[in-house]
Number of protein chains: 2
Amino acid sequence: MAQAGTVDRILDTAEVLFAQRGFAETSLRAITSKAGVNLAAVNYHFGSKEALIQAVFERFLTPFSLALDAKLDEMEASGIPDTPENVLGIVFRLALGTHPDDPQRAAIFFRLSGQAYSQPQGHLREYLHTHYGAVFARLQLHLHQAVPGVPPMELFWRVQFSLGAVIFTLSGMQSLQSISKADFNMDASTADITKRLLPFLVGGIQAEVPDQPLHTDK
Amino acid sequence: MAQAGTVDRILDTAEVLFAQRGFAETSLRAITSKAGVNLAAVNYHFGSKEALIQAVFERFLTPFSLALDAKLDEMEASGIPDTPENVLGIVFRLALGTHPDDPQRAAIFFRLSGQAYSQPQGHLREYLHTHYGAVFARLQLHLHQAVPGVPPMELFWRVQFSLGAVIFTLSGMQSLQSISKADFNMDASTADITKRLLPFLVGGIQAEVPDQPLHTDK
DNA sequence: CTGGCAGCCAAACGTATGTTTGAAACGTAT
DNA sequence: ATACGTTTCAAACATACGTTTGGCTGCCAG
């Protein structure tokens, strides 16, 4: 990130600062000064701060969703069975590995996702759902093959729960690490945590659904 | 919330707005104008905006943690066994029931918690950990009794994962409801979702831990 | 009646933010 | 060398924010 163009320097700096402090708490002046570019460059190249935020996400999610699509193709072709471990494993390895050069990049990825989802008014949320909803639906389909006993509606919510567990944990990892270090005298890396996450999520996703139907239709 | 004093009117309005839009995105002017009080009243009664935020949390969490302590006492006294369902069930029923008059209050509670945790710099996080860490530790102890096969370190993270699933889901319920309604033609209440959450979390928490020790000590 | 005081109010203050502006610098094709 | 479109820059602009101020109420003890 040393001698890149102005646009990339802005994106590189913005994605780090957004992940660290959040969108509202990160000023354009903080971004531009740290990036070594003029303040007006953001509005010149992106138009507005909100457009900058979207650009940051696009640069992140487009390669990710493309890679995920490819991996799912590969899995369907080679006949690898649809198990929760396999499907979730693909997502995790991809999220951790789309930028192998920078290991911290994965943490930024999740923290950004967390910021996006906790963003209350949800402009970003809609944007994400419209632009990357297709891959998401495909993923869910494979999961349904993996746990046919869980009805689609229930599965939808369990995927949301899983998303929450992943994003929430990794988005707040910095603080959690200090707690974990204080209470257990050990620190945890992103890879460590994802290793712990996988069995938890698998256990949750394939849990038995309660007998009594909780009025699933109006 | 009709004819209460100024302090309570501010707290009532602030907790709703904070939950809806987040802390940084909610201005004191928005709070005071909606509450029908003067702008200066916040700084007069609370001292600063940050103190207001803490006051909102204190009013929420103190009754909750007291009730939780009492319920745990009751459980220990009456010899109810420590199962994941029982322990988590207590928390859920309490979170949903501490303010039975207002069903929406539970959603606000979780959304606020989500805002607090996703708050990047984490002043609030420390505050919560120091003021309510004791109840949290006690809860974790009971969980450990419930799933003795899971080592404490692993359990710590699984509780974090569970927290994430709960807070993330309920904090973004508004948006998720529209998605769920579009895709499955049904809507979900807070109570509905928590009913779905319980088996998911129980399944995750009591999942088998992988054989290979993931270098649990430095 | 009167003094004091806590609560309340409109107005202003200082600061930080996103955005816009107009000119300067740059690179490139003619 | 000249002209032109793009990019960069310092400066200013408008606005929104949290906070402070000084005076105005109403009430209750003396």
Side-chain angles (χ1 to χ4, degrees), chain A residues 1-59 112 115-116 118-124 127, chain B residues 1-59 112 115-116 118-124 127:
Chain A
M1 138 172 156
Q3 278 298 78
T6 304
V7 171
D8 286 310
R9 281 222 302 282
I10 293 176
L11 287 174
D12 288 335
T13 312
E15 91 181 5
V16 173
L17 291 184
F18 282 153
Q20 279 180 351
R21 319 181 195 173
F23 303 122
E25 293 82 359
T26 304
S27 68
L28 294 186
R29 283 171 176 80
I31 297 172
T32 52
S33 75
K34 187 164 187 176
V37 303
N38 189 272
L39 167 63
V42 170
N43 286 280
Y44 176 78
H45 287 287
F46 298 94
S48 70
K49 184 182 182 179
E50 191 160 344
L52 204 217
I53 297 177
Q54 278 203 2
V56 168
F57 271 90
E58 194 176 329
R59 200 177 62 148
L112 269 182
Q115 297 286 347
S118 60
Q119 177 109 324
Q121 87 240 55
H123 285 166
L124 253 181
Y127 169 83
Chain B
M1 148 169 151
Q3 277 299 76
T6 303
V7 171
D8 286 310
R9 281 223 301 282
I10 292 177
L11 286 173
D12 288 335
T13 312
E15 87 180 9
V16 173
L17 291 185
F18 282 152
Q20 279 180 350
R21 319 182 195 172
F23 303 121
E25 294 81 0
T26 303
S27 68
L28 295 186
R29 284 171 174 82
I31 296 173
T32 51
S33 75
K34 185 161 188 178
V37 305
N38 188 271
L39 167 62
V42 170
N43 286 281
Y44 176 77
H45 286 287
F46 298 93
S48 69
K49 183 181 183 179
E50 192 161 344
L52 204 218
I53 298 178
Q54 278 203 1
V56 168
F57 271 89
E58 194 175 328
R59 200 177 62 150
L112 269 183
Q115 298 286 348
S118 60
Q119 178 108 323
Q121 89 241 53
H123 283 167
L124 252 181
Y127 168 83

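No experiment lies behind these values; they were computed from the predicted model shown.
Closest-nucleotide positions on DNA chain C for A:Leu39 and B:Leu39 were compared, and the one nearer the 5' end corresponds to B:Leu39. Comparing A:Val37 and A:Arg29 by the nucleotide of DNA chain D whose heavy atom lies nearest to each, the residue mapping closer to the 5' end is A:Val37.
Using a 4.0 Å heavy-atom cutoff across all strands shown, B:Thr32 reaches no nucleic acid atom at all. Among the heavy atoms of the strands lying under 4.0 Å from B:Ala40 is at least one base atom, whether or not backbone atoms are also near.
When the P atom of D:dA10 is taken as reference, atom OH of A:Tyr44 falls 17 Å away, rounded to whole Å. Between the CZ atom of A:Phe23 and the C1' atom of C:dT17 there is a distance of 17 Å, rounded to whole Å. A:Lys49 has its NZ atom 11 Å from the C1' atom of C:dA16, to the nearest Å. Counting to the nearest Å, the P atom of D:dT15 and the CG atom of A:Leu28 are 18 Å from each other. Atom CZ in A:Arg9 sits roughly 13 Å away from atom C1' in D:dT7 (whole-Å rounding). When rounded to the nearest whole Å, the span between CD1 of A:Ile53 and P of C:dT17 equals 14 Å. Distance CD1 (B:Ile31) to P (D:dC17): 11 Å, rounded to an integer number of Å. At whole-Å resolution of the value, CD in A:Glu25 and P in D:dC17 are 14 Å apart.
Minimum interatomic distance between A:Leu17 and A:Thr26 (heavy atoms only, all atoms of both residues): O-OG1, 3.4 Å. In terms of heavy atoms, A:Ser48 sits closest to A:Asn43 at CA-OD1, 3.8 Å.
Not one side-chain nitrogen or oxygen of A:Ser48 sits closer than 4.0 Å to the OP1 or OP2 atom of C:dG18. The phosphate of D:dT7 (OP1 or OP2) has no side-chain N or O of A:Thr6 nearer than 4.0 angstrom. Contact annotation: A:His45 side-chain N/O to D:dT6 OP1/OP2 distance is not under 4.0 Å. Proximity of A:Asn43 to the phosphate of C:dG18: no side-chain N or O atom is located under 4.0 Å from OP1 or OP2. Contact between the side-chain N/O atoms of A:Asn38 and the OP1/OP2 oxygens of D:dA10 is found at a separation under 4.0 Å. Neither OP1 nor OP2 of C:dA16 sits under 4.0 Å from any side-chain N or O of A:Ser27.
A salt bridge links B:Asp12 to B:Arg59: one of the charged nitrogens lies within less than 4.0 Å of a carboxylate oxygen.
The shortest distance between side-chain heavy atoms of A:Thr13 and A:Val37 does not fall below 4.5 Å.
Under the 3.5 Å distance criterion, the side-chain polar atoms of A:Arg9 are matched with a main-chain donor or acceptor of A:Ala35.
The pairing partner recorded for C:dT30 is D:dA1, the criterion being a Watson-Crick or G-U wobble arrangement whose two distances lie under 3.5 angstrom.
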